[in-house]
Each structure stands twice: as C-alpha cells, then as structure tokens.
Novice: 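The structure that follows is given in the form of structure tokens.
Just so you know, these numbers use all the heavy atoms, side chains as well, and skip hydrogens, waters and symmetry mates. Residues: numbered from 1 along the sequence shown.
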Amino acid sequence: MRFFSRKLIKPEDLNAHGTLFGGSVLAWVDEEAAIYVICQLGKGNIATKFMSEIDFVSSAKLGDIIEIGMETVSLGKTSITVKCEVRHKFTRKPIIRIDKIVFVHLDEDGRPKPHGIKKPVNR
C-alpha cells in the first residue's frame, strides 16, 4: 500500500466527543481514492460506484497527523477497485480500513465506458 496524503486534524474535523469525525475522514478517503484512480487510469471522468464496509479501528484527536494509503485490488472492463487504510502518521496505528472502493469510468453521458487499461500505471 502506498501512502500519499497527510492531514492535520483541526477543530473543524472533530465530532462532539472531541475525536475525528467519521464524515470528515470518509470525504478525504473518497477524494484521495478518486485522485489515485485517475492517476492509475491516466484519465478522468470517473465516479464512485461502491464502498464496502468501513472498519473504524481507532480514532484521532486534535493535532494528530494522519495519512491515507491506497492500493489497486483489481481492474474490470469499465471499473477499477482499490482498498484504503487511514493511519496515524507516526505510530502507524490504523484508524480506518476499507477493503473495496469501486470506481467506474464514464462516457460523456454518464454511462459506463471501457477504460482500455490492462494494468494500472501507478502514477
């Protein structure tokens, strides 16, 4: 798994209990996964199709630095599947794990379109 982005946990990222708000981390994951997939395919016009169970393993608090990792799991004709882990930067303790995030390559009308990629380019 390759870790690309880092985030500093700020007050606006916290929930009522003073820990990392799940909605914030999921928005970051979706954005990071989309960027990763666009780089893997070498083309844009993709959409998130599916996200499997999200395993909230631990949390983060104000001032913590987290990092988001992605790895390609498989390529379909029109899709690409990745997995994700968010962890503390320094302790490497996992915060969340998602085994399957599926993106679909779309045509100009928003319909699935073959991406023509046989192997991820790992950009």
Novice: So Lys89 and Arg6, side chain to side chain contact (heavy atoms under 4.5 Å, CB included) or not? Walk me through it.
Specialist: CA-CA 8 Å; Lys89 169 64 181 152; Arg6 296 177 183 141; 3.2 Å; yes
Novice: On a heavy-atom basis, which atom in Leu20 and which in Ser59 lie closest, and how many Å separate them?
Specialist: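 Minimum heavy-atom contact is N-OG, 3.4 Å.
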Novice: Within the supplied structure, the quantity of interest is the number of heavy atoms (other residues, nucleotides, ligands) at a distance under 6.0 Å from Glu71 CD; does it exceed 12?
Specialist: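 Yes, the 6.0 Å shell around CD holds more than 12 heavy atoms from other groups.
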Novice: Leu41, Met70: one ILVMFWY side-chain cluster at the under-4.5 Å cut-off?
Specialist: yes
Novice: Is it the case that one hydrophobic cluster holds both Val25 and Leu14, taking links as side-chain heavy atoms less than 4.5 Å apart, direct or via other members?
Specialist: yes
Novice: Can you see which heavy atom on Arg97 is nearest to which on Val57, and at what distance?
Specialist: NH1-CG2, 3.9 Å
Novice: Would you compute the distance between atom CG of Leu8 and atom CD1 of Ile65 and round it to the nearest 0.5 angstrom?
Specialist: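 The CD1 atom of Ile65 is 6.0 Å from CG of Leu8, to the nearest 0.5 Å.
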Novice: Could you check whether any side-chain N or O of Thr72 sits under 3.5 Å from a backbone N or O of Ser74, counting only pairs where one atom can act as donor and the other as acceptor?
Specialist: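 No, the answer is negative, given that no donor and acceptor are paired below the 3.5 Å cut-off.
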Novice: At their closest point, which heavy atom of Val37 faces which heavy atom of Val82, and how far apart are they?
Specialist: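 Smallest interatomic distance, heavy atoms only, reads CG2-CG1, 3.9 Å.
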Novice: Would you confirm whether Asn45, through its side chain, and Asp107, through its main-chain N or O, come within 3.5 Å as a donor-acceptor pair?
Specialist: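 Yes: the side chain of Asn45 pairs with the backbone of Asp107.
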Novice: Does one hydrophobic cluster hold both Phe21 and Ile96, with members joined at side-chain heavy-atom distances below 4.5 Å?
Specialist: no
Novice: Evaluate side chain to side chain contact (heavy atoms under 4.5 Å, CB included) for Asp64 paired with His88, printing each intermediate quantity in order.
Specialist: CA-CA 7 Å; Asp64 285 350; His88 288 87; 3.5 Å; yes
Novice: Going by the angle between their ring planes, with limits at 30° and 60°, are Phe4 and Tyr36 parallel, tilted or perpendicular?
Specialist: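 Plane angle between 30° and 60°, so tilted.
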Novice: Consider only side-chain N and O atoms of Thr48 and Asp30, and report whether a donor and an acceptor are under 3.5 Å apart.
Specialist: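 There is such a pair (donor and acceptor under 3.5 Å, judged by atom type) between the side chains of Thr48 and Asp30.
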Novice: Ignoring hydrogens and angles, tell me if any N or O in the side chain of Thr78 forms a donor-acceptor pair with the backbone of Pro114 under 3.5 Å.
Specialist: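 No.
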Novice: To the nearest 0.5 Å, what is the distance between CZ (Phe50) and OG1 (Thr81)?
Specialist: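 Between atom CZ of Phe50 and atom OG1 of Thr81 there are 9.5 Å.
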Novice: Taking all atoms of both residues into account, what is the closest heavy-atom pair of His17 and Asn15, and its distance?
Specialist: N-OD1, 2.8 Å
Novice: Does His115 use its side chain to pair, donor to acceptor, with the backbone of Val104 at less than 3.5 Å?
Specialist: no
Novice: Does one hydrophobic cluster hold both Val102 and Met51, with members joined at side-chain heavy-atom distances below 4.5 Å?
Specialist: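 No, it is not one cluster - the side chains of Val102 and Met51 are not joined through contacts under 4.5 Å.
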Novice: Go through the steps to decide whether Glu85 and Ile98 satisfy the test side chain to side chain contact (heavy atoms under 4.5 Å, CB included), and finish with yes or no.
Specialist: CA-CA 6 Å; Glu85 180 176 293; Ile98 306 171; over 6 Å; no
Novice: Is Phe56 reachable from Val86 through a run of hydrophobic residues whose side-chain heavy atoms are each under 4.5 Å from the next?
Specialist: yes
Novice: What are the two closest non-hydrogen atoms of Ser24 and Glu12, and how far apart are they?
Specialist: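 Smallest interatomic distance, heavy atoms only, reads OG-O, 4.4 Å.
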Novice: Atom CZ in Phe3, atom SG in Cys84: separation rounded to 0.5 Å?
Specialist: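 The CZ atom of Phe3 sits 8.0 Å away from the SG atom of Cys84.
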Novice: What's the separation between atom CZ in Phe103 and atom NZ in Lys49, rounded to the nearest 0.5 Å?
Specialist: 13.0 Å
Novice: With side chain to side chain contact (heavy atoms under 4.5 Å, CB included) as the criterion, how do Val29 and Ile101 come out once you've worked through the C-alpha distance, each side chain's angles and the decisive distance to 0.1 Å?
Specialist: CA-CA 10 Å; Val29 163; Ile101 306 171; 3.9 Å; yes
Novice: Charged N to carboxylate O below 4.0 Å: is that the case for Arg87 and Glu67?
Specialist: yes
Novice: Work out which heavy atom in Ile38 is nearest to a heavy atom in Ile46; give both atom names and the distance.
Specialist: CG1-CG1, 3.8 Å
